[in-house]
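Here is the structure we will look at, set down as C-alpha cells.
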Amino acid sequence: MKPLKIKIVSFKKGVHPRDDGKSLSRSSAIRTAPLLERYQVIVGQNIGLPPRVVVKAGEEVKKGQLLAEPSGFVSAALHSPTSGKIEGIIDIPGPMGIPAEAISILADGKDEWGELPPPLDWQTVSGETLKARIQECGIVGMGGAAFPSHVKLSPPPEKKVDCMIINGAECEPYLTADHRVMLEETEKVLLGAAILGKAAGVKNTVVAIEVNKADAIEALLARSGEYRVGVVGMKVQYPQGAEKQLIYAVTGRKVPTGGLPADVGCIVQNVGTAVAVADAVTGGVPLIERVTTITGEPVVTPGNWRLKVGTPVVEALKLAGGVKRDPGKLILGGPMMGFAQRSTDVPVMKNTSGILLLDKAAISQYQASPCIRCGRCVDGCAMQLLPSPLSCMIEADRFQDAYENNVMDCIECGSCSFACPARRPIVQQIRRAKAEIRNSLNHKKK
Amino acid sequence: MTQDSKVQLMLPKGEELLLSPSPHIHDKESIQSIMLKVVLAMLPVVAAGVYFFGLDALRVIGWCVFFCVGLEMVWCFFAGKPVLGTVKDGSTLVTGILLALNLSAATSWWVCLLGGILAIWLGKQVFGGLGQNPFNPAAVARVGLLIALPRELTTWVPARGMTADLNSYSKAFYTTPDFTRLQEAGQVVDGMTCATPLSLAQTTTKVLGHGEQAAYNFAEIANPEAYWQYFLGNMGGCLGETSALAILAGGVMLLAMKLIRWQIPVFYIGTVALFSGLVNLLWPGVTPPPLFHLLTGGLMLAAFFMATDMVTSPITPKGAAIFAVMLGIMTCVIRIWGGFPEGVSFSILLMNALVPLIEKIAAIKPFGFRKAAAVKGGA
Amino acid sequence: MGSTIFLSAVVLIGIGLILGAAIGVVYKFFEVPVDPRVELLLELLPGVNCGGCGRAGCADFARALIGGEAAPAKCPVASQEVVAQLAQVLGVEIGRAAKQVAVILCGGDLTHAKGQMLYNGVDDCISASQVAGGPKGCRYGCLGMGSCARACPFEAIGIVNGLAVVHNEYCVGCGKCVDVCPRGLVKLVPVDAKVHIYCKSPEKAPAKMKVCDIPCIGCRKCVKAADEGQFTVNGFLVEVNYGDYPRPDVIEKAKCPKNCLQTCRGHEEFEYGKSIGESA
Amino acid sequence: MAQESLVNLLELTVGAMLVYNFVLARFLGICPFLGVSKKLDTALGMSAAVVFVMTLASLLTALIDVYLLSRSFVIGGVDIRLNFLQTLVFIAVIAALVQMLEVLLQKFSPALYRALGIYLPLITTNCAVLGVATLNAGSGRNVWESVVFAFFSSLGFGLALVIFSSLRERLELSAVPRPFQGMAIALITAGILAMAFVGFSGLC
C-alpha cells in the first residue's frame, strides 16, 4: 500500500485489537437483499420519543409510505420498507432482549413506491428546509445510537457550530459496511456531507476515516474537491470513532464532561447517515434500508448487504449462506459495543451496522479473577478514567466513591474489558453503577 | 426457528446463544501469560545467579519456588479454594523466584520456608490473594527475614570470579579469616563468606567517619575496574541482584513486552544517581559515587523486578513516576545515613504503603474534565 | 515529710483550680447546646445502622426523631417495647403499623422458568437485566442473582435454585431489598398475611406459559374461593389484597392450577423440591 | 557547636517522626491509630487534633515540669522535689485540655467533631499524649526542645495514621478472607508497616 498523502490524526490512549476480523467482509461488494415475505419494523427505533403509529392492521401501504409520525422534536418518522399489507402491530423479540412493539408488513411482492416528496436543490434551499426534509424522511444516526439527525443539526442558538465531521472511522472490529459505502457510493457520501454541512450552516465539513481504509480515502480524496469537503485520515485505534474522541482527533477540541459536541462547535454524523441524507434530499427517499455487514467466523459467506429495515436477522443470515457451525453468540452491532441477542427473530433496525456471529471457542465462558492492577485498562481508557479502581469500588457496592471518580463519564467503549488480562467485566459493572447512581439521584430529586 | 423448509441452511439456534455484556472480544493476554512472560524475563537473572554462585543458587531457587507453591496450595486447601486454582496463574512462581533472587546463595532451606510463609501467607494470602496485597510479597519476606534473622540474611558467599583470582579489587571484600593466608597454611576451607560492596561502604563510614580517609577508602571499592566487575556480577550479594548485566537484559525484555511501566526503572535509577551524586559531590566522604550505588546491592533488581510489581505500584504513569522518585530518595537516605547497608527492600515496603495516597494525589483528569462542570453535575 | 505533703497539696489544688477555671471559661463562651435526648435515643436504638428508616444510620435517625422529622415506628428493627420507649422519651404517639416482612413475588426458579439462556457476566441483578433482559425467559421474573440477598443487613434472603426466597424468621421488614430489585418483585406485607401469589408478570397467560411453568394465568379460582375483596384482579394477574388478606385455607379451596398461590412456607418447600403443592 | 545542635535538632525531628515513630516503633497511641483510620478524612482530622493536643499538652506539661515539679523547693531546710506528681498532674492537664478542645471543635467544626466521635475524648487517655509528656520529663529536655519533640512526634503519629488509613481504604475494596477481616487485617498491615519503618533505624 502506498503511503497516503493526508494528515493522520488520533486521540490519546485506546486499544488496538490485533486481529480485527475486517478481512472477512472487507472485499465483498454491497449486494441488495431480495424481497422477503414479511418485514417487522420496530416502532421505537430512535433515541428519544417513539413515533406515533399512523397505520392500522389490514391497511395497504406503499413502499416509503409513512408508518409512524414523529411524536415530538426528538423523534423520527418510520416508513414502510416495501409495499404490502399491514398484518398488525405485534410484540416481537427486541434488540435489548425485551419484547418490542413492531409493525408487521406482509409484502405484496410488487415493491411499489408510494408518493415521495419532491427532490430539493440543496444548494438553493435553506438549511431549515433541509432539516425538515431530514426529519420527514426519518433519518437517524446510523452508526449505532439512532439519535434523530435533525436534532443534532439544530444545536441551541447560543452554541456556534463551525465544524461538521462525517464519521467514517468504523473503528469497531469486523464491521465493513461504512467502508464499502465510502468506496462504492463515494459521491453520495460527499454529497450528503455537503448537504449536512449546509443544513447546519457550517463552513468546514470533513470526512474522517481510519487509515486501514486506504482505498476509501483515495476514492474520497479524488472527488472531495467538487463538494468542498475535507478528508482526514486517522490512526487505527479503538475507539477512534467515538464522538468525543473523533472530535478531539480531528479538531483538537475536548468536549467537556457531560457536554455535547455542540459545546465545542462540532456536529458528528455517520457516513451511512450522509448517504441517507443525500437520498432524502435529492430523491425524497425516506430511510428504509441500510448497508449492514453480516459477518463472523461461523458465517458461510460474510458480506455487506443492503437490507430493508425490518428484515429479521434470521433472514439476513440466510442471505449469507447460514453458518458453518453453531455459533456461540449473536451480536447486533460490532463486537466492542454491540448487544448480544437472545433470539434470531430480531429485525434489522436503522442503526444495525452489523450482524455478527462469534464462535463458541472465541467467546468461551470466562471467569473474572481479581484485578492485578496491571494498568492496561488505564492505558486503554479513551476517557482517561481509572477503570480498574472503579470496578473494584463497584464490586464493593461503593457507588458514591465511583461517582466521585467520574464513573458517569464512561462512554462504555469496552476498551478496558477488552484489555483486561483478568477478564473482569468492567463495562458491565460500570453500567450497573450508572444505573444505581441514576436511581439514587432520582430518589434525591423526589 | 426456520419454518422455511426449502432452504437447507444451518442457522444458529436461539437457546444456545450466550448472553454477555459488551465487549464481546478480548485481548489474548491473560494473567497466566503475563506471569509466564515475567518468569521468562527473570531467566537471565536466574542464569546469572547460577553462573556466579553455582548450584547453591539453583538449590535456593528450588526451595523457594517449592515452598511458595506448596504454601499457596496449603492455604488454598484450608481456605476452601481450589487448590490448584491460584497456582495455575503463575504468580506464585514469580513470587518464589523473586524471593530466591533476594536471598544469598548460602541460605538454608528453613530460611526459604520462613521466607515463603512471610511472602505467601503474610504478604499475600491474608489480604485475599493475588491482586489484593498492598505490599510486595517478596519484599515483605526479605524485610521480615532481615529483621528476624540478620545473620542468616547477611551471610554472603563470594561470586565465581572472586574466588578464581584474588585481584586487588575482590580482596577488599573478604572478611576474616583471610583466605590467602589460610590456603598458604594448607588448611581446608569449608566455605567462605564475603562482604557486599554496600556493607563495606557502610563499615568504612562507621569506622572512619565522614572524612577524607573514608573518601580515599571508597576509591578502593569504587573504581572503573570494580564497576566493570559489579556490572558483570562479580560481587557478594543476593543471588539475583549481583549481575546488573543480566538484570538489564531481563528488564529490556519486560519493557519490550510492555509488562512494566518504563517510568519506574527510569525515574528510580535516575533519582538514585542524582541524589547520591549530589551527596557525593558535596561531601565526598559521606558516600561513594553514584555509579557505585547503581551497580551494587539490590537496586537494579528492584528497579526492574521488585518495584515494578503491578499489584503494589501505582496504576497510572504519573503515579508510577512519583512512586519511583520517592523510592529513589528513600533508598538513598537509608543507604547513606541509615543503620542498614541496603535500603531497597525497606523503601519498597514504605512506598508500597504510600501507593494509595500517591494514587489519590496523582489521579488523572478525565477527558474533557472541567471543575465547574463537575460541580454542576454533582448537584 | 509534712511539708512535702503540704506542698503537693498546694500544687495540685492550684493546678486543679486553674484548669477548672479554664474549662469553665471555655464552656461559658463556646458551648454548643446538645439535646440530651439524642444520647438517650441512641442507647435505645438498635445501632445496626441498617438505614431501614431512610436515614444514614441510627445517629441520624435519632436527630431526625428529635427534630420531629421521623416517627419512632419508622425504625423497622426496633421491637414494640423499644419503640414505646423511644416514643416515651420523645413524648409522642407511636404511630406504628403492623410488623411487616418482605416477600418476593416470583416462583420461577431454575426448574420452573423456561427459556433460560447462558449468561456470562457480573452476578448482580441490575447487571444481568441490562444484558438482553437477563438469562431467564420471563422479563418480569426474579433474576436470581441475589442483589436483594446482598442488600439485606440481616441475611434473611437466600437464593434457592436460582430464586430469591425470604426467610421470615430473620426478616425485620426494613425494606432494603425493595429498592434494589430491578424487577420490583419485593413487597413488604403484613407478617400475618401468609398467602401470596408468586407471580408479578402482567403479560397475557399464553405468553407467561411460554416462559414459566408456574405463572398466574388469571384463572380467578382463588378469587372465587376467597371472600370478596381479598384478591384484586389486575388485567391478567391476580394480586393479594394485603389490606384484607385471605387465610391460608384458601389454598386448599382454590386449587390453583399453576401452584403459584402458596403460603410463604409452602412456597419455600415447593422451591426446595418437597412438592407440597404438587399434590393439589 | 553548631554541628552538635544540628545533630540534636535532627534527632528531635527526624528521630521523633520516623526512627522512633510513636505508633510504629514505640507502639504508643495504638487505640486511635486503629480506631480512626478507616477513612482518610477522619484520619486527617484526628492527626490535626493530635498534633494540636500533643504540642499544646507538652508545652504545658513541660512548663509545669521544668518550673514546678523538677525544681527543688527548700522549705524549712528540707529539699523537696515533686517529681512523683508528674503522672498525676500530666493527666489532669491533658484531660482538661481535651475537654476544652472538644467544646471548641463542636463549636467550630461540627462535622469533624461527629467524625471523630468517641476518639476525641479518648485522646485524654491516649498514651501517646501522656507518653510524650513523660518522655520529655524523663529526658531532661528544656521547654522548647520538648515542644519541638512533641510536635514532630505527633507529626509522625499523623503520618502513620494517614498512610495507614489510605491503606485501609484500599483494603476495604479487597477480598480479605473472612477470619482476617476488620481488625485482624488492620493489625497485620500495621505490623508490616512497622517492619518497613525499621528501615529508618540508625538514621540519626
Side-chain angles (χ1 to χ4, degrees), chain A residues 15 17 97 173 244 254-259 314 317-318 321-324 326-331 335-345 357-358 362-363 365 369-375 378 382-386 388-389 406 408-409 412 414 417-419 421-423 425 427-428 431, chain B residues 1-2 4 7-35 85-86 89 91 128-132 258-259 261 309-317 320 355 359 363-370 372-374 376-378:
Chain A
V15 292
K244 291 182 179 183
K254 286 186 177 179
V255 179
T257 307
V314 64
L317 287 174
K318 280 182 197 164
V323 290
K324 287 181 248 180
D326 273 340
K329 211 187 254 184
L330 166 65
I331 297 154
M336 297 297 278
M337 288 184 81
F339 292 95
Q341 300 298 315
R342 60 189 312 142
S343 161
T344 51
D345 295 337
L357 292 171
L358 290 178
I363 50 103
Q365 292 232 8
S369 49
C371 169
I372 57 165
R373 296 166 47 84
C374 64
V378 177
M383 292 305 290
Q384 296 169 20
L385 304 173
L386 297 169
S388 141
N406 309 302
M408 300 311 266
D409 288 345
E412 300 173 20
S417 300
F418 172 84
R423 301 279 180 273
V427 176
Q428 198 187 8
R431 277 195 203 126
Chain B
M1 212 129 297
T2 55
D4 204 341
V7 191
Q8 290 297 321
L9 285 176
M10 198 171 144
L11 288 164
K13 296 188 232 14
E15 312 82 62
E16 286 180 10
L17 297 175
L18 177 76
L19 295 184
S20 72
S22 65
H24 305 284
I25 51 173
H26 289 88
D27 202 1
K28 300 245 173 352
E29 199 83 278
S30 67
I31 293 182
Q32 201 175 7
S33 71
I34 288 178
M35 291 300 168
T86 49
D89 63 31
S91 60
L130 177 65
Q132 318 284 330
K258 293 191 175 164
L259 293 173
R261 291 205 185 280
D309 173 24
M310 304 160 175
V311 179
T312 55
S313 59
I315 203 162
T316 59
V355 164
E359 282 187 348
I364 46 176
K365 264 192 321 193
F367 180 87
F369 183 77
R370 286 192 311 203
K376 212 171 124 199

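Letters A, B, ... mirror the listed sequences (proteins, then strands); counts begin at 1. Computation of the quantities below employed the complete heavy-atom set of this structure, encompassing side-chain atoms and omitting hydrogens, waters and symmetry-equivalent molecules.
- Here A:P335 is the residue among A:A340, A:G414, A:G322, A:P335 with the most heavy-atom pairs under 4.5 Å with chain B.
- When every heavy atom of B:M310 is checked against every heavy atom of A:C374, the shortest pair comes out as SD-CB, 3.5 Å.
- Between B:E359 and A:R373 there is a salt bridge, since at least one side-chain N of the basic residue sits less than 4.0 Å from a carboxylate O of the acidic one.
- Nearest heavy-atom pair, B:V355 versus B:T312, reported as atom, atom and distance to 0.1 Å: CG2-O, 3.3 Å.
- Only the backbone of A:K324 comes within less than 4.5 Å of a heavy atom of chain B; no side-chain atom from C-beta onward does.
- Listed options A:D326, A:L358, A:L357 were ranked by heavy-atom pairs under 4.5 angstrom with chain B; first place goes to A:D326.
- With a 4.5 angstrom heavy-atom cutoff, B:S33 does not touch chain A via any of its atoms.
- With a threshold of 4.5 angstrom between heavy atoms, A:I331 approaches chain B through side-chain atoms but not through N, CA, C or O.
- Residues A:N406 and A:T257 have side chains not in contact (no heavy-atom distance under 4.5 Å, counting atoms from C-beta outward).
- The contact between A:L330 and chain B is made by backbone and side chain atoms together, counting heavy-atom distances below 4.5 Å.
- Using a 4.5 Å cut-off between heavy atoms, A:C371 contacts chain B through its backbone alone, with no side-chain atom that close.
- No side-chain heavy atom of B:D27 sits under 4.5 Å from any side-chain heavy atom of A:P421.
- Interface check for chain B: of the options A:K254, A:K329, A:R431, A:E412, the most heavy-atom pairs under 4.5 Å are formed by A:K329.
- B:F367 is linked by a ring-ring contact (aromatic ring centres under 6.0 Å, His included) to A:Y248, counting only residues two or more places apart in sequence or in another chain.
- Residue A:L385 touches chain B through both its backbone and its side chain, counting heavy-atom pairs closer than 4.5 Å.
- Between chain B and the residues A:G321, A:P425, A:A419, the largest count of heavy-atom pairs under 4.5 Å involves A:G321.
- Heavy-atom distances place no part of B:Q32 under 4.5 Å from chain A, backbone and side chain included.
- Interface residue A:D409: only side-chain heavy atoms are found under 4.5 Å from chain B.
- Between A:S388 and B:I315, some side-chain heavy-atom pair lies under the 4.5 Å cut-off.
- Both the backbone and the side chain of A:V323 come within contact range of chain B, judged by heavy atoms closer than 4.5 Å.
- Put simply, the side chain of A:K244 does not reach to within 4.5 Å of the side chain of A:P256, judged on heavy atoms.
- For chain A, the nearby part of B:I34 is the side chain; its heavy atoms alone come within less than 4.5 Å.
- Nearest heavy atom pair, residue A:G375 against residue B:R261, reads O-NH2, 3.5 Å.
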